[in-house]
*Asks:* 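Dropping a structure here in structure tokens format, bear with me for questions.
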Amino acid sequence: MMIVSLDPETDTLGILSIPRDLYVNVPGYSALQRINTPMVLGEYDQQGSGPELAMQTVQYNFGIRIHDYIIVDFEAVTTLVDAIGGIEVDVPNAIADWQFPDMNEGYDPLVLNAGLQTMDGETALKYARTRHGDSDFQRAERQQQVLFAVRDQVLSRDAIPGLILQAPSLYGSLSQDIATNLTLDQMIQLGLYLRDIPLDNIHTGVIDINYVMGYTTEEGAQVLIPNRALLADLFIDVFGENYGE
């Protein structure tokens, strides 16, 4: 899960990754839940409002208004990366994930050397998902790497005009793999806007070990409790002093 905030007045973009095991309050529920649970609770307990409940949960716990959502599944990631001709990612450390899961309850190992790697859609997805060699915090950093690599590839090839022409057919083919409350025109407008934001104006962060405390639930599950006293500074670093407005 990522929060993305655009500030047209300062021409800045903030991206903050949230670990899935963050244990938080969910509006309408008494018990604490993992922050990704509202997607399921909303679908089954509130008649199909999973994304809305997820947005409400983020707003309630972090004091930042969430206006829109985009949900992308595995197939959409591989299709989009392949559509732009692959991406280049500077892998900081060698990866040998022999337990990376396939789609049939087996394994599909991921092995990558450190250094600049050219990835197709399938490899990019596996790189963004792997975590057996480290933790969910490092996985969040890899996911941000993939996002920036997509941006770099699109800008380096000046591929935006071509992607805009392909957008209706591409979006149509991915209609089962993307869920959003944005229209196609709005997403195109966002893409054009993001193209012109200077790299120095893009701020990123991860709610990592510096901002959470480990906790074991009564059921024995390992979760993360947010350290709210420290999170305020992180939100200001990523989104600016007026992030809650």
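This chain uses plain numbering: 1 for the first residue, then up along the sequence.
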*Asks:* CE/Met119 to CD/Gln145 distance, rounded to the nearest 0.5 angstrom?
*Replies:*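 Result: 7.5 Å between the selected atoms.
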*Asks:* With respect to Ile3, which candidate in Val58, Val238, Ile207 satisfies the side chain to side chain contact (heavy atoms under 4.5 Å, CB included) definition?
*Replies:*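 One option only clears the test, and that one is Val58.
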*Asks:* According to the ring-ring contact (aromatic ring centres under 6.0 Å, His included) rule, which pairs have a member within residues 215-238, sequence neighbours left out?
*Replies:*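 For residues 215-238: Phe62-Phe235, Phe235-Phe239, Phe235-Tyr243.
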*Asks:* So, taking the atom named CZ in Arg20 and the one named CD1 in Ile35, what distance separates them when rounded to the nearest 0.5 Å?
*Replies:*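 If we round to the nearest 0.5 Å, Arg20:CZ and Ile35:CD1 are 13.5 Å apart.
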*Asks:* Given side chains that start at C-beta, do those of Glu141 and Val206 come closer than 4.5 Å, heavy atoms only?
*Replies:*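 Sidechains of Val206 and Glu141: in contact.
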*Asks:* Report, one line per pair, each donor and acceptor closer than 3.5 Å where one atom sits in a side chain of residues 78-95; sequence neighbours left out.
*Replies:*
{"residue": "Thr78", "atom": "OG1", "partner": "Glu75", "partner atom": "O", "Å": "2.8"}
{"residue": "Thr79", "atom": "OG1", "partner": "Glu75", "partner atom": "O", "Å": "2.9"}
{"residue": "Asp82", "atom": "OD1", "partner": "Gly121", "partner atom": "N", "Å": "2.7"}

*Asks:* Does the side chain of Tyr29 reach to within under 4.5 Å of the side chain of Thr37, using non-hydrogen atoms?
*Replies:*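 A side-chain contact is absent here, since even the closest heavy-atom pair is not under 4.5 Å.
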*Asks:* Checking the side chain of Asp136 only, and the main-chain atoms of Arg131 only, is there a donor and an acceptor separated by less than 3.5 Å?
*Replies:*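 It does not hold such a pair.
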*Asks:* So how far is it from Arg139 CZ to Arg129 CZ, rounded to the nearest 0.5 Å?
*Replies:*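 If we round to the nearest 0.5 Å, Arg139:CZ and Arg129:CZ are 8.0 Å apart.
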*Asks:* Using a 4.5 Å cut-off between side-chain heavy atoms of Ile, Leu, Val, Met, Phe, Trp and Tyr, which other residues end up in the same hydrophobic cluster as Leu116?
*Replies:*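 Members alongside Leu116: none; it stands by itself.
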*Asks:* If every non-hydrogen atom of Val26 is compared with every non-hydrogen atom of Pro38, which pair is closest and at what distance?
*Replies:*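 Answer, listing the atom of Val26 first, then Pro38: CG2-CG, 3.8 Å.
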*Asks:* Quick check: does any side chain N or O of Gln143 sit under 3.5 Å from a backbone N or O of Ala128, one acting as donor and the other as acceptor?
*Replies:*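 Side chain of Gln143 to backbone of Ala128: a pair is present.
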*Asks:* I'd like to know whether Gln117 forms a side chain to side chain contact (heavy atoms under 4.5 Å, CB included) with Thr123, so could you lay out the CA-CA distance, the side-chain angles of the two residues, the decisive distance to 0.1 Å, and finally the verdict.
*Replies:* CA-CA 10 Å; Gln117 304 292 331; Thr123 305; over 6 Å; no
*Asks:* For the CG atom of Leu147 and the CD1 atom of Ile202, what is their distance to the nearest 0.5 Å?
*Replies:*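 If we round to the nearest 0.5 Å, Leu147:CG and Ile202:CD1 are 10.0 Å apart.
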*Asks:* Heavy atoms, side chains only, cut-off 4.5 Å: are Ile197 and Thr12 in contact?
*Replies:*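 They are not in contact (no side-chain heavy atoms under 4.5 Å apart), so the answer is no.
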*Asks:* Can you confirm whether Tyr193 sits close enough to Pro8 that some side-chain heavy atom of one is under 4.5 Å from a side-chain heavy atom of the other?
*Replies:*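 Touching, per the 4.5 Å side-chain cut-off.
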*Asks:* Can you name the closest pair of heavy atoms from Ala221 and Arg34 and give their distance?
*Replies:*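 Smallest interatomic distance, heavy atoms only, reads CB-NH2, 3.8 Å.
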*Asks:* Please tabulate, for the side chains in residues 104-115, all donor-acceptor contacts under 3.5 angstrom to protein atoms that are two or more places apart in sequence or on a different chain.
*Replies:*
{"residue": "Asp108", "atom": "OD2", "partner": "Lys126", "partner atom": "NZ", "Å": "3.3"}

*Asks:* Quick one: does Leu230's side chain get under 4.5 Å of Asn210's, heavy atoms only?
*Replies:*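 In short, these two side chains do not touch, never coming nearer than 4.5 Å.
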*Asks:* Working to the nearest 0.5 angstrom, can you tell me the gap between Ser5 OG and Leu13 CG?
*Replies:*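 That separation rounds to 8.0 Å.
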*Asks:* Which heavy atom in Pro198 sits nearest to a heavy atom in Asp11, and how many Å separate them?
*Replies:*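 Residues Pro198 and Asp11, closest heavy atoms: CD-OD2, 3.6 Å.
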*Asks:* Please report the shortest heavy-atom distance between Ala124 and Val146, naming the atom on each side.
*Replies:*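 Scanning both residues, the minimum pair turns out to be O-CG2, 4.0 Å.
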*Asks:* Take His203 and Asp237 through the test side chain to side chain contact (heavy atoms under 4.5 Å, CB included) and record every step on the way to the result.
*Replies:* CA-CA 8 Å; His203 309 291; Asp237 288 343; over 6 Å; no
*Asks:* Identify all side-chain donor-acceptor contacts of residues 181-190 below 3.5 Å with residues at least two apart in sequence or on another chain.
*Replies:*
{"residue": "Asn181", "atom": "OD1", "partner": "Tyr69", "partner atom": "N", "Å": "3.0"}
{"residue": "Asn181", "atom": "ND2", "partner": "His67", "partner atom": "O", "Å": "3.4"}
{"residue": "Asn181", "atom": "ND2", "partner": "Asp68", "partner atom": "OD1", "Å": "3.4"}
{"residue": "Thr183", "atom": "OG1", "partner": "Gln186", "partner atom": "N", "Å": "3.1"}
{"residue": "Thr183", "atom": "OG1", "partner": "Gln186", "partner atom": "OE1", "Å": "3.4"}
{"residue": "Gln186", "atom": "OE1", "partner": "Thr183", "partner atom": "N", "Å": "2.9"}

*Asks:* When you look at Val24 and Tyr60, which way does the side chain to side chain contact (heavy atoms under 4.5 Å, CB included) test go after all the steps?
*Replies:* CA-CA 9 Å; Val24 297; Tyr60 182 84; over 6 Å; no
*Asks:* Tell me, do Asn61 and Arg228 make a side-chain contact under 4.5 Å, heavy atoms counted?
*Replies:*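 Heavy-atom side-chain distance check passes, below 4.5 Å.
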*Asks:* How many angstroms lie between CE in Met2 and CD1 in Ile70, if you round to the nearest 0.5 Å?
*Replies:*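 If I round to the nearest 0.5 Å, the distance is 12.0 Å.
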*Asks:* Report the C-alpha distance between Leu22 and Met1 in whole Å, list the side-chain angles of each, state the deciding distance to 0.1 Å, and finish with yes or no for side chain to side chain contact (heavy atoms under 4.5 Å, CB included).
*Replies:* CA-CA 11 Å; Leu22 205 65; Met1 182 184 291; over 6 Å; no
*Asks:* When you compare the side chains of Ser17 and Gln144, does any donor N or O come within less than 3.5 Å of an acceptor on the partner?
*Replies:*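 Looking only at side-chain atoms, Gln144 and Ser17 do form a donor-acceptor pair, the distance falling under 3.5 Å.
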*Asks:* Under the salt bridge (Lys or Arg N to Asp or Glu O under 4.0 Å) rule, collect the residues that match up with Asp177, sequence neighbours excluded.
*Replies:*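 By the salt bridge (Lys or Arg N to Asp or Glu O under 4.0 Å) rule, Asp177 matches no residue at all.
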*Asks:* Does any non-hydrogen side-chain atom of Leu194 lie less than 4.5 Å from one of Leu6?
*Replies:*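 When only atoms from C-beta onward are counted, Leu194 and Leu6 do touch, with a gap below 4.5 Å.
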